[in-house]
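All figures in this text were calculated on a predicted structure; none of them were measured in a lab.
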Amino acid sequence: MMNLLTLEEAAAILRRSPAQMRWLRHQGTGPLSAKIAGRVMYRAEDIEKYVTAQFDAEGMKATA
């Protein structure tokens with residue numbers, strides 16, 4: 001079964017406020033999300049991929 005997180009749960013994991021998560025979603029720069037039954041939900045694996053991508057992007061900056 002897939003592990004789904006609410007906006008608030010995802011925000012807590014990323015140490016962001018729910019408002020910041022909404023802004024990232026609006027900008028298209030946050031983790032992949034979907035509206036399911038009228039609620040914004042995140043897959044735990046997509047949060048992990050987002051964090052990994054952020055670290056990879058920082059590593060690219062450090063080597064440039």
Gln54 meets the side chain to side chain contact (heavy atoms under 4.5 Å, CB included) criterion, sequence neighbours left out, with Tyr50

Check residues 7-15 and write down every donor-acceptor pair under 3.5 Å in which the side-chain atom is one partner and the other belongs to a residue at least two apart or another chain.
from, atom 1, to, atom 2, distance (Å)
Glu9, OE1, Thr6, N, 2.8
Glu9, OE1, Thr6, OG1, 3.4

Name all pairs fulfilling the side-chain hydrogen bond (donor to acceptor under 3.5 Å, both in side chains) condition that reach into residues 27-42, sequence neighbours left out, sorted by first residue then second. Arg25-Ser33

Are Leu32 and Ile36 joined in one hydrophobic group, where the rule is that I, L, V, M, F, W and Y side chains link up if heavy atoms are under 4.5 Å apart? no

Going by side chain to side chain contact (heavy atoms under 4.5 Å, CB included), name the residues that satisfy it together with Ala37, two or more places apart in sequence or in a different chain. none

The remaining residues in the hydrophobic cluster of Trp23, counting side-chain heavy-atom contacts under 4.5 Å among Ile, Leu, Val, Met, Phe, Trp and Tyr, are none

In the single-linkage hydrophobic clustering (I, L, V, M, F, W, Y; side-chain heavy atoms under 4.5 Å), do Val51 and Leu24 co-cluster? yes

Can you sort out the partners of Arg43 under salt bridge (charged side-chain N to carboxylate O under 4.0 Å, His left out), two or more places apart, ordered by chain and number? Asp46

